[in-house]
Amino acid sequence: MADLDPARIPELDARLSTLAPVDRLRWAYETFGARAGIGTSFQPAGVVILHLAKTAGLPIQAFTLNTGLLFPETLEFKAKLEAHLGIKVEEVLPAQTVEQQAAQHGAELWKRDPEKCCELRKVDSLGKKLFDLDLWITGMRRDQSAERSVTPLLSLAARPDNSDVWKLNPLVDWSRDQVWAYLKEHGLPHNVLHDRGYRSIGCLPCTLPTSGGDERGGRWPGFEKKECGLHTRTKKGLGG
Ligand code: SF4
């Protein structure tokens with residue numbers, strides 16, 4: 001891991017806060033090199049981050065968690081974006097296929113216990129991937145939801161063994177409008193589901209279109225659940 005003392009989080013966060021997102025990514029690559037990785041589910045913010053890294057000549061690896069339950073449109077968009085940017089986004093898969101999970105835990109676990117389903121299909125996959133990284137870069141923004149309104153720019157997260165992994169949200173202080181303006185300005189594509197009213201896109205069984213309110217309001221309809229656990233279950237509390 002880059003030799004950074006977690007005690008420096010306030011100082012580093014303050015310095016990074018004054019920089020443009022592309023310079024935050026430059027710091028990330030210069031500090032963590034091949035041990036930095038962009039995690040994306042191909043939401044607009046992720047597209048911006050991938051484009052910033054690409055156009056700045058920062059060869060930061062990128063990965064996505066393919067739960068096996070993504071919308072076909074999302075997978076089509078992944079291929080389209082990879083071709084557009086000339087990049088490859090690694091697919092990280094769950095330990096079990098959807099069928100194997102159904103055999104062990106029953107069919108359509110997401111309808112009965114979405115927390116467990118997300119743990120098996122997302123959180124565990126991310127945990128495995130975090131052992132390849134010392135810095136995890138995400139597209140979280142403070143204006144996405146009430147739950148995300150205090151998201152830090154730089155923090156420490158935890159791998160499954162509770163070891164440290166740094167986490168950077170380079171667009172944390174961008175608004176939804178800024179993100180969409182960036183896509184427009186640079187002629188970047190977006191997932192066609194956004195044109196059908198989906199404002200935040202996750203797995204097919206757990207995502208509905210929404211007309212207003214929190215950007216993530218269409219996720220897990222009918223449940224109190226607001227987060228899949230990728231960010232809450234890896235939170236270490238330092239910098240957050
Ligand atoms: S979002 Fe839904 S289908 Fe996807 S892993 Fe979570 S509970 Fe399962």
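Keep in mind it's a predicted model, so treat the numbers as computed, not measured. We count ligands from 1, going down the list as the structure has it; atoms in each ligand are counted the same way. One-based numbering along the sequence shown.
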Any N/O/S of C117 under 2.8 Å from atom 8 (Fe) of ligand 1? yes
For atom 5 (S) of ligand 1, the option (of P94, P114, S125, C118) bearing the nearest heavy atom: C118
Contact partition for C206 relative to ligand 1, non-hydrogen atoms under 4.0 Å: side chain
Can you name the residues that form a salt bridge (charged side-chain N to carboxylate O under 4.0 Å, His left out) with E76, not counting sequence neighbours? none
Residues which pass salt bridge (charged side-chain N to carboxylate O under 4.0 Å, His left out) with E73, listed by chain and number, not counting sequence neighbours: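 E73: salt bridge (charged side-chain N to carboxylate O under 4.0 Å, His left out) contacts with R196.
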Could you check if a side-chain atom of T138 sits within less than 4.5 angstrom of a side-chain atom of T40, using non-hydrogen atoms only?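 They are not in contact (no side-chain heavy atoms under 4.5 Å apart), so the answer is no.
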L154 side chain reached by K167 side chain, heavy atoms, under 4.5 Å: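 No - every pair of side-chain heavy atoms lies 4.5 Å or more apart.
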I'd like to check which ligand 1 atoms, numbered from 1 as shown, lie under 4.0 Å from a non-hydrogen atom of R121.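 Those qualifying, in numeric order: 5 (S).
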Mark up the atoms of ligand 1 that fall under 4.0 Å of a heavy atom belonging to L69, in ascending order. 3 (S)
Is it the case that the ring center of Y182 lies less than 6.0 angstrom away from the ring center of H51? yes
